[in-house]
There are 2 protein chains.
Amino acid sequence: MDTPHPGRADREGGAGPGLDEALLLDSQICFSLNAASRAFTALYRVVLKDLGLTYPQYLVMLVLWEDGTTPVKHLGERLRLDSGTLSPLLKRLEAAGLIRRQRSAADERSVHVHLTPEGVALREQARLVPRRVAAATGFDHHDARTLRTLLTRLTGALDEAARPETAPPGTR
Amino acid sequence: MDTPHPGRADREGGAGPGLDEALLLDSQICFSLNAASRAFTALYRVVLKDLGLTYPQYLVMLVLWEDGTTPVKHLGERLRLDSGTLSPLLKRLEAAGLIRRQRSAADERSVHVHLTPEGVALREQARLVPRRVAAATGFDHHDARTLRTLLTRLTGALDEAARPETAPPGTR
DNA sequence: CACATTTTGATTGTGCACAACTGAATTGTG
DNA sequence: CACAATTCAGTTGTGCACAATCAAAATGTG
């Protein structure tokens, strides 16, 4: 239909041979990455509609189904989400009757999250979700492995580059 | 440090050999996809800080630098963004003095976006952005090509699967 | 014990994605 | 011409990501 990528805006100064290459490497990768990420979210929106969950909420439920009662801190570590995301998300899950939050007796700062019976029961309804989503990707193990390897390497390199002062190898 | 992926929550019913495979294929791909996407956004946040742009705003500017004055509709097609996202984004760009919006004389429904002199001038400051980001990925052409091919294929398959009624090939 | 530091979660504010709706203008049809 | 359908932006509301800030509790140090 139309060109999906925004780039190829070079041809001005002729400032060297690396410009369009750079645009290919950064804009198009980031763009197709965002597109795939949003397509995944859209598919999850369809698949999780009957459960009344969004994808991040589903991730939280996955952790709770596996690990049981857990502090908010642990959820943030498992899912790489901070409290600014988790707090309202957990409130919505509590309002939906799936979880309950409770301050720890041992450490009054810590809030423990546990499933309600409704939350436990939802696991049965969610059993087919992974298979449906995996089937929708059309990927076999080899594809999935290649993709995950590339993404992991990419994320590591980007994380490394994003912090200018925190421990660049020669700064001491 | 800890396990980055939320999955591996099987081992309950023993309902067949495909369960952990499915979790590997869906949760972990989607998860690492989101992680990479957010890492990219975080890097762009650092790189674009001096320009006062976010990544989606930078994409809009790329299109304008390349295509010149263009209707909002065209921006949405190039970037796959709808008006609910573009309208406030363009307002912020206009408030920043980089663009101006103007109703078309020919078709009063259409709004044309054009760059201000400040918006044109910003292009010079943005020239090094693609190279900086591309360098941060650590990817060569082969890696980038492999990744983009996989992502494009994945997005296509997900888009296809996300619509239940719109022309699935065998449904009659 | 008194006091600074760290940890933990919540809160606030900004920006983006998306669905649903509104409203104006064009186009198609009788 | 009248009227329905379509197109195009905009608005509203919900949810997520993230930065900055705050408060309370635990911990460390003199």
Side-chain angles (χ1 to χ4, degrees), chain A residues 30-31 33-46 48-49 52-60 70-77 79-96 101-113 159 162-163, chain B residues 30-31 33-46 48-49 52-60 70-77 79-96 99 101-113 155 159 162-163:
Chain A
C30 187
F31 196 80
L33 208 55
N34 275 312
S37 180
R38 284 190 281 151
F40 239 127
T41 303
L43 176 66
Y44 267 112
R45 193 165 20 243
V46 173
L48 294 175
K49 188 177 182 183
L53 296 175
T54 66
Y55 174 62
Q57 291 168 4
Y58 170 69
L59 289 181
V60 168
T70 173
V72 176
K73 160 102 170 153
H74 179 242
L75 290 173
E77 285 168 352
L79 305 174
R80 300 210 189 283
L81 297 174
D82 70 0
S83 63
T85 301
L86 278 176
S87 281
L89 188 155
L90 293 173
K91 255 184 212 171
R92 283 185 283 270
L93 284 180
E94 188 171 33
R101 292 175 304 159
Q102 199 171 341
R103 294 236 165 237
S104 163
D107 185 343
E108 286 281 339
R109 294 168 303 177
S110 177
V111 171
H112 288 267
V113 180
D159 280 347
R163 44 193 157 194
Chain B
C30 187
F31 197 79
L33 207 55
N34 275 312
S37 179
R38 283 190 279 152
F40 240 126
T41 303
L43 176 66
Y44 268 111
R45 193 165 18 244
V46 173
L48 294 175
K49 189 176 182 181
L53 295 176
T54 66
Y55 174 63
Q57 291 168 4
Y58 170 70
L59 289 181
V60 168
T70 173
V72 176
K73 160 103 171 154
H74 179 241
L75 290 173
E77 284 169 353
L79 305 174
R80 300 207 189 288
L81 296 174
D82 71 359
S83 62
T85 301
L86 278 176
S87 281
L89 188 154
L90 293 174
K91 253 184 213 169
R92 283 184 283 270
L93 284 180
E94 188 171 34
I99 67 165
R101 292 174 303 161
Q102 198 171 343
R103 294 236 165 236
S104 163
D107 185 344
E108 287 281 340
R109 294 168 304 178
S110 177
V111 170
H112 289 267
V113 180
T155 303
D159 280 347
R163 43 195 157 190

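Just so it is clear: chains get the letters A, B, ... in the order the sequence lines come, proteins before strands, and each one is counted from 1.
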Shortest side-chain distance from [X], nucleotide among [options]:
X	options	value
A:Arg103	D:dT11, C:dT11, C:dA10	C:dA10
B:Lys73	C:dG15, C:dA17, D:dC8	D:dC8
A:Pro56	D:dC16, C:dA17, C:dC18	D:dC16
A:Arg38	C:dC18, C:dT7, C:dG9	C:dC18
A:Thr85	D:dA17, D:dG10, C:dG9	D:dA17

Could you check if a side-chain atom of A:Leu86 sits within less than 4.5 angstrom of a side-chain atom of A:Val60, using non-hydrogen atoms only? yes
Quiz question: going by heavy-atom distance under 3.5 Å, is there a donor-acceptor pair between the base of [N] and the side chain of [X]?
X	N	answer
A:Ser83	C:dA10	yes
A:Thr54	D:dG15	no
B:Arg109	C:dT26	no

Reckon [X] has a side-chain N or O less than 4.0 Å from the OP1 or OP2 of [N]?
X	N	value
A:Arg101	C:dA10	yes
B:Ser110	D:dA9	yes
B:Lys91	D:dT11	yes

From [atom1] of [X] over to [atom2] of [N], roughly how many Å is that when rounded to an integer?
X	N	atom1	atom2	value
A:Gln102	C:dT8	CD	C1'	17 Å
B:Leu33	D:dC16	CG	P	18 Å
A:Tyr55	C:dC16	OH	C1'	18 Å
A:Glu108	C:dA10	CD	P	13 Å
B:Asn34	D:dC16	CG	P	12 Å
A:Leu79	C:dG9	CG	C1'	16 Å
B:Asp82	C:dT22	CG	C1'	15 Å
A:Arg80	D:dC18	CZ	C1'	16 Å

Could you tell me whether [X] contacts a base, only the sugar-phosphate backbone, or nothing, with contacts defined as non-hydrogen atoms closer than 4.0 Å?
X	result
A:Leu89	sugar-phosphate
A:Leu86	nothing
A:Pro88	nothing

Using modelled atom types only, decide if a donor and an acceptor are shared between the side chain of B:Glu108 and the backbone of B:Arg103 within a distance under 3.5 Å. no
Give a yes or no answer on whether the side chain of A:Gln57 reaches the backbone of A:Thr54 with a donor-acceptor pair at less than 3.5 Å. yes
DNA chain C: A:Arg45 or B:Asp107, which has the more 5' nearest nucleotide? A:Arg45
Let me see the working for A:Leu81 and A:Leu75 under side chain to side chain contact (heavy atoms under 4.5 Å, CB included), right down to the final yes or no. CA-CA 8 Å; A:Leu81 297 174; A:Leu75 290 173; over 6 Å; no
Looking only at heavy atoms, the pair that brings B:His112 and B:Ser104 closest together is CD2-CB, 3.2 Å
Return the orientation label for the B:Tyr44 and B:Phe40 ring planes: parallel under 30°, perpendicular over 60°, tilted otherwise. parallel
